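Some notes on the structure that comes next.
Note that this is a predicted model, so its numbers are computed, not measured.
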Amino acid sequence: MSTALPWRIGSVPYLNARPLIYGIEDQITLSPPSRLADLMYRGQFDAGLVPIAEVIQHDRYDILDGIAIAARGRIQSVYLVHREPIEKLKRVAVDTASRTSAWLVRVILQYGYNVTPEFYPRPEGGKLSEHEAMMLIGDEALWYRTRNGSQPILDLGEAWVELTGLPFVFAAWALQRGVDGKAIGGPLRAARVQGLANIERIVQDATEATPELRREYLTKNLSYELDVAEKRGIRRFQQYLKEMRLVDGCHDLRYVG
């Protein structure tokens, strides 16, 4: 067991987060993205690896600098699978577990394809035969890809980079205002270092999809950096959301630690 941390910390329960909580898993509370965001907003956590939509929507957090779950191209775990051509889509089923991904697919379709379909919640276990298109995220998306590899897929990480030329940040460490970024940043940065050094162990211990896909996903599809380009990507996403009136404004994001 790791040394007890004096903070309440939450994370998403997906494979992509495991390199960022390596060695401190026993002290992390796991929740689906939207639930984690709600708990963070209510002050249940001092720090949370929250969807980037949460810090864009609410000007009440600091962001731990340097660490994120991001994509600089194909992501493989956030995509739209579709039966109809994208340009003809009228209705899209979205996973309500992640506000960030649900907003990202709206941005991609409107700015990348000039399409504004109706969006509605995808029932749990929904099949593509029941929808024109449906969004999948996280570990479910990885499993789906291995079992239905021939179906048309719009990878949202790849589509964002093609649209903007910038990385897309899916999640970052949000801190409640008043939490010491340098103090809490120490163990979170150490966990990331250890996680990236033990990717192969994470691959072997995990059960999602196949070992080959897990390895490619964690080493090639994902980036765990939050640098200048990633911050520009967040800002661009923030601007799109404002233009689409999904958020009220574009407050300045505060990076600490």
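- Atom CZ of Arg60 sits in a crowded spot, with more than 12 heavy atoms from other residues, nucleotides or ligands closer than 6.0 Å.
- Here the closest non-hydrogen pair linking Asp155 and Glu158 is OD1-N, 3.0 Å.
- In this structure a side-chain-to-backbone donor-acceptor pair under 3.5 Å is present from Asp180 to Lys182.
- Leu89 places a side-chain heavy atom less than 4.5 Å from the side chain of Glu132.
- Under 4.0 Å is where a charged nitrogen must lie from a carboxylate oxygen, and between Glu230 and Arg72 at least one such pair does.
- Here Gln76 contributes atom CD and Tyr217 contributes atom OH; the two are 8.5 Å apart, rounded to the nearest 0.5 Å.
- A continuous path of hydrophobic side-chain contacts links Leu64 to Tyr255 [ILVMFWY only; heavy atoms under 4.5 Å].
- The backbone N or O of Tyr224 sits less than 3.5 Å from a side-chain atom of Arg192, completing a donor-acceptor pair.
- In this structure, Val193 is not a member of the same hydrophobic cluster as Ile199, with clusters built from ILVMFWY side-chain heavy atoms closer than 4.5 Å.
- For the atom pair CG of Leu15 and CD1 of Ile202, the computed distance is 8.0 Å after rounding to the nearest 0.5 Å.
- Screening Leu49, Leu104, Asn16, Ile52 for a side chain to side chain contact (heavy atoms under 4.5 Å, CB included) involving Phe170 leaves a single residue, Leu104.
- With rounding to the nearest 0.5 angstrom, the CG atom of Leu156 is 10.0 Å from the CG atom of Leu136.
- Distance check: Ile56 CD1 to Gln239 CD gives 10.0 Å after rounding to the nearest 0.5 Å.
- Proximity of Met134 to Tyr144: side-chain heavy atoms (C-beta onward) are separated by under 4.5 Å at one or more points.
- The hydrophobic clustering, which links ILVMFWY residues whose side-chain heavy atoms are closer than 4.5 Å, places Met244 and Val115 together.
- Two residues are said to be in side-chain contact when any heavy atoms from C-beta on lie closer than 4.5 Å; Leu175 and Ile184 meet this criterion.
- Side-chain contact annotation: Glu208 with Tyr14, donor-acceptor N/O pair under 3.5 Å absent.
- Of the possible donor and acceptor atoms, one in the side chain of Thr100 sits under 3.5 Å from a partner among the backbone N and O of Ala53.
- When all heavy atoms are compared, the tightest approach of Arg122 to Ala93 is CB-CB, 3.7 Å.
- Residue pairs meeting the ring pair (Phe, Tyr, Trp, His ring centres under 6.0 Å) criterion with at least one partner in residues 18-43, sequence neighbours excluded, are Tyr41-His58.
- Side-chain contact, Arg201 with Gln204: no donor N or O sits under 3.5 Å from an acceptor N or O.
- Between Arg74 and Glu216 there is a salt bridge, since a side-chain N of the basic residue sits under 4.0 Å from a carboxylate O of the acidic one.
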Kindly determine whether Phe237 and Val169 satisfy side chain to side chain contact (heavy atoms under 4.5 Å, CB included), including the steps that lead there. CA-CA 9 Å; Phe237 188 48; Val169 173; over 6 Å; no
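- Scanning both residues, Ser11 and Leu36, for their nearest heavy atoms gives C-CD2, 3.7 Å.
- Distance check: Lys88 NZ to Ile86 CD1 gives 13.0 Å after rounding to the nearest 0.5 Å.
- In the hydrophobic clustering of ILVMFWY residues, with side-chain heavy atoms under 4.5 Å counting as a link, Trp143 and Leu222 come out apart.
- Counting heavy atoms of neighbouring residues, nucleotides and ligands inside a 6.0 Å radius, atom CZ of Arg177 exceeds 12 of them.
- Closest approach of Val247 to Gln57, counting heavy atoms only: CG1-CA, 4.4 Å.
- Proximity of Pro167 to Val161: side-chain heavy atoms (C-beta onward) are nowhere separated by under 4.5 Å.
- At a threshold of 4.5 Å between non-hydrogen side-chain atoms, the residues Phe119 and Leu109 count as touching.
- We find that Glu200 and Arg214 are not joined by a salt bridge, their nearest charged nitrogen and carboxylate oxygen being 4.0 Å or further apart.
- Look at Glu25 and Arg18 and you find no salt bridge, because none of the NZ, NE, NH1 or NH2 atoms lies under 4.0 Å from a carboxylate O.
- By the 4.5 Å heavy-atom criterion applied to side chains, Phe168 and Leu166 are not counted as neighbours.
- A donor-acceptor pair under 3.5 Å is absent between the side-chain atoms of Gln27 and the main chain of Pro6, judged by distance alone.
- More than 12 heavy atoms of other residues, nucleotides or ligands lie within 6.0 Å of CG in Asp205, so this atom counts as buried by the packing criterion.
- Within the 4.5 Å cutoff, the side chain of Leu226 has no heavy atoms near those of the Trp173 side chain.
- Looking at Lys231 and Asp65, a side-chain N of the basic residue comes within less than 4.0 Å of a carboxylate O on the acidic one, giving a salt bridge.
- Taking CG of Leu80 as the reference point, atom OG of Ser101 lies at 11.5 Å (rounded to 0.5 Å).
- With hydrogens and angles disregarded, a donor-acceptor distance shorter than 3.5 Å links the side chain of Tyr79 to the backbone of Ala141.
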Stepwise side chain to side chain contact (heavy atoms under 4.5 Å, CB included) test for Val94 and Tyr120: CA-CA 6 Å; Val94 297; Tyr120 62 97; over 6 Å; no
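- The aromatic rings of Trp160 and Tyr240 sit perpendicular to each other, their planes meeting at more than 60°, with 30° as the lower class boundary.
- What you find for Trp7 and Pro187 is that their closest heavy atoms are CZ3-CG, 3.8 Å.
- Side-chain contact check for Ile9 versus Thr29: every heavy-atom pair is 4.5 Å or farther apart.
- Ionic pairing of Arg91 and Glu118 is present here: one or more N-O contacts between side-chain nitrogen and carboxylate oxygen are shorter than 4.0 angstrom.
- Asp46 and Arg8 are joined by a salt bridge, as a carboxylate oxygen and a charged side-chain nitrogen come within less than 4.0 angstrom of each other.
- Under the side chain to side chain donor-acceptor pair (under 3.5 Å) criterion, Ser31 pairs with no residue at all, not counting sequence neighbours.
- Shown here is Arg232, whose CZ atom has no more than 12 heavy atoms of other residues, nucleotides or ligands within 6.0 Å.
- In this structure, the ring of His251 has its center no less than 6.0 angstrom from the ring center of Tyr61.
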